[in-house]
Amino acid sequence: MEEPMTDSALSQPQIAGYCDSRFTAVQAAFEANFRDQEELGAAVTVQVGGEVVVDLWGGWADPGRSRPWERDTLVNVWSITKGPTALCAHLLADRGQLDLDAPVASYWPEFAAGGKSAVLVRHLLSHRAGLAGLREPHSTAQLYDWELTTARLAAMEPWWEPGTQSGYHALTYGFLVGEVIRRITGVLPGEFLQQEITGPLGIDFTIGLPEKESDRAAELAHARISADSSSLMAQLPQVSLAAIANPVVGAAEANSPEWRAAEIPAANGHGTARAVCALYGILARRGLCGDRRILSPEAAERVRQSQGACRDLVMGAGFTHDTEVGLGLWLSGRNASYGPNPRAFGHDGFGGSCGLADPEAELSLGYVMNRMGPHIADDPRKMALIQAVYSAL
C-alpha cells in the first residue's frame with residue numbers, strides 16, 4: 001500500500017511510498033539526503049526475506065524541477081548494470097552452457113589475438129582480463145557500435161598479465177562478458193536478460209532504453225568536479241585514463257537518445273530502485289525470486305567467490321584500501337562498502353547509485369538517483385541508507 005510520507009520540513013520535497021515501521025531510520029536517512037546532501041530525485045527499495053520493507057521515492061526527475069519523481073520513474077543506473085549482466089553469464093553457467101574456467105577464445109575465437117588465448121571467462125567477470133580500456137582512441141559514436149567495439153577488444157593486447165590483478169573495466173566489461181553471452185545464445189545480453197529474467201519476472205529494467213519508455217526516464221545532472229578530483233585525474237596512469245576516459249561519458253551522453261538506444265551492458269541499464277532491488281534480490285535469496293528459482297544456490301554463491309583482494313590497477317589511486325572482487329560483483333570487505341557483513345556484495349553506479357545483496361541477512365537494496373555525486377565509490381547518500389538499513393535489522 002502506498003501513501004505519501006510526511007515531510008520533515010516544508011523545504012523538503014514530497015516523499016511517497018511505503019516504509020515498514022521497523023525501518024523508519026531508512027526513511028529518515030532518505031529524507032536527510034534531500035535536506036543535507038543536495039539530492040535532486042531518488043528512490044530506494046529494500047527487501048528482507050523476499051518481503052519489501054521499504055519502497056520510497058521523491059524529488060524531481062529533471063534539473064529544472066518540472067517533473068516529479070514518480071513511482072515508475074526510470075533512470076540510467078550506470079555500473080549497477082554490471083550485476084544483471086553478470087547474472088546472465090551465471091545463468092548460462094548454471095545451465096551448463098558456459099564454463100567459467102574455459103578460455104574466452106573457445107566461445108569467441110577472434111579473442112585469442114594479442115596473446116589472449118589463455119584468458120579465462122572468470123577473468124572477464126572479475127576485471128582481471130587486462131582489457132580495462134582500449135589503447136586506440138574510441139569515440140562515443142564508436143562505443144555505440146557493438147561490432148566495432150568488440151572487434152577492437154578482441155584484437156588488442158592486455159595492459160597487464162591476465163588473471164594476476166584486478167583493474168576496473170568500466171565500459172569494456174559489458175562488451176567482453178556480453179559478447180560471450182551473444183556467442184552462446186545468438187542474442188545480445190539485453191535481449192537475453194529480458195527473455196530469461198526481467199520479462200518473465202516482471203522486473204522493470206532494461207539494458208538501454210526503449211524509445212516508448214523515454215517519457216518515464218529521469219534526466220541526469222552533472223556531478224560537481226572538485227579540485228581534488230581534477231588533481232587525481234592528472235595523476236592517473238595510462239591504463240586508468242583508457243578505462244574511464246576513452247571515451248569520456250557522463251550525464252550529457254547518458255541523457256541522449258543515442259546512448260539510450262545503444263547496448264552498453266556495463267553502463268546503460270535503466271530501471272527503478274524496485275527493479276534493482278529485485279535483481280540483486282535474486283542473489284540475496286540464493287537464486288530465488290518469490291517462489292521461483294532462477295539460479296541454483298551453488299550458482300548464486302559463485303557470484304561472490306573472491307578472486308583476491310588487491311589495490312585496483314585502474315581505480316586504486318582513488319582508494320585508501322584494497323578492494324576484493326568476486327565473479328561479477330564487489331565484496332563489502334573490511335571497508336563495509338555494502339554493510340557490516342564482509343561477504344555482502346554489490347555494485348555502485350557512477351555518481352552514487354547502488355545495488356546490494358546480503359545472503360546471510362536475505363537482504364537486498366536498490367538505490368537510484370539523478371544528481372550524480374563526485375565520489376569514486378561509497379557516496380555518502382548510499383552509505384547513509386545502508387547504515388540505516390542495518391541498524392533496523
Side-chain angles (χ1 to χ4, degrees), residues 5 7-17 26-45 54-81 170 209 214-230 233 244 248-256 259-260 267-277 318 337 346-356 365-388:
M5 297 294 171
D7 288 344
S8 60
L10 292 176
S11 60
Q12 288 278 92
Q14 183 69 32
I15 304 301
V26 181
Q27 181 187 331
F30 188 64
E31 292 176 348
N33 283 344
F34 286 93
R35 184 179 62 247
D36 304 329
Q37 299 289 342
E38 299 185 333
E39 194 79 278
L40 175 63
V44 61
T45 304
V54 177
D55 188 24
L56 301 171
W57 60 90
W60 302 96
D62 65 316
R65 300 174 186 252
S66 64
R67 292 191 293 131
W69 194 289
E70 306 285 0
R71 183 183 190 276
D72 65 347
T73 295
L74 303 168
V75 67
N76 189 97
V77 298
W78 296 103
S79 286
I80 286 177
T81 316
L209 183 70
S214 61
D215 289 347
R216 290 203 288 140
E219 183 180 349
L220 294 172
H222 288 280
R224 290 197 181 97
I225 303 300
S226 67
D228 288 346
S229 297
S230 299
M233 285 291 288
I244 65 177
V248 173
V249 296
E253 289 73 25
N255 291 333
S256 71
W259 174 275
R260 292 173 176 178
N268 81 335
H270 287 71
T272 61
R274 196 174 306 105
V276 172
C277 185
S337 293
H347 216 298
D348 286 14
F350 181 24
S353 55
C354 171
L356 177 159
L365 174 147
Y367 162 62
V368 303
M369 80 305 134
N370 62 344
R371 186 188 294 282
M372 296 169 61
H375 303 273
I376 291 174
D378 296 342
D379 186 285
R381 295 167 293 176
K382 159 209 158 179
M383 297 304 288
L385 293 168
I386 291 174
Q387 182 178 4

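The first residue of the sequence shown is numbered 1, and numbering continues consecutively from there. Reckoned from all heavy atoms, side chains included, excluding hydrogens, waters and symmetry mates.
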Indicate the ring-plane relationship of F350 and W78, choosing parallel, tilted or perpendicular according to the 30° and 60° boundaries. perpendicular

Going through the checks in order, is the side chain to side chain contact (heavy atoms under 4.5 Å, CB included) test met by H270 and V75? CA-CA 5 Å; H270 287 71; V75 67; over 6 Å; no

Could you name each residue pair satisfying salt bridge (charged side-chain N to carboxylate O under 4.0 Å, His left out) that touches residues 56-67, not counting sequence neighbours? none

If I compare all heavy atoms of G351 with all of D379, which pair ends up nearest, and what's the gap? O-OD2, 3.6 Å

Y367 side, atom OH; D348 side, atom CG - distance, nearest 0.5 Å: 10.5 Å

Verdict with supporting geometry, T45 and L365, side chain to side chain contact (heavy atoms under 4.5 Å, CB included): CA-CA 6 Å; T45 304; L365 174 147; over 6 Å; no

Okay, side chain of R71, backbone of G17: is any donor-acceptor separation there less than 3.5 Å? no

What are the two closest non-hydrogen atoms of A384 and N33, and how far apart are they? CB-OD1, 4.3 Å

Indicate yes or no: does E39 engage R381 in a salt bridge with an N to O separation below 4.0 Å. yes

Please report the shortest heavy-atom distance between A42 and M369, naming the atom on each side. CB-CB, 3.8 Å

Taking K382 for the side chain and S337 for the main chain, is one N or O donor matched with an acceptor at less than 3.5 Å? yes

Look up atom CG in N255 and atom NE2 in H222, then write down how far apart they are to the nearest 0.5 Å. 7.5 Å

Drop me the distance from C354's SG to D378's CG, to the nearest 0.5 angstrom. 8.5 Å

Quick one: does T272's side chain get under 4.5 Å of L74's, heavy atoms only? yes

Might you point out which heavy atoms bring W57 and A43 nearest each other, and give the distance in Å? CB-CB, 3.8 Å

Just how far is it from atom CG of L220 to atom CG of N370, taken to the nearest 0.5 Å? 6.5 Å

Shortest non-hydrogen separation from R260 to N268 and the atoms involved: O-ND2, 4.4 Å

Is a side-chain donor or acceptor of N76 paired with a backbone partner of A267 at a separation under 3.5 angstrom? yes

For S353 against I80, the heavy-atom pair lying closest together: OG-CD1, 3.4 Å

Taking the side chain as C-beta and beyond, is there a heavy-atom pair between R216 and T73 under 4.5 Å? no

E253 side chain vs G250 backbone, donor-acceptor pair below 3.5 Å: yes

Check this for me: Q387, atom CD, are more than 12 non-hydrogen atoms of other residues, nucleotides or ligands nearer than 6.0 Å? no

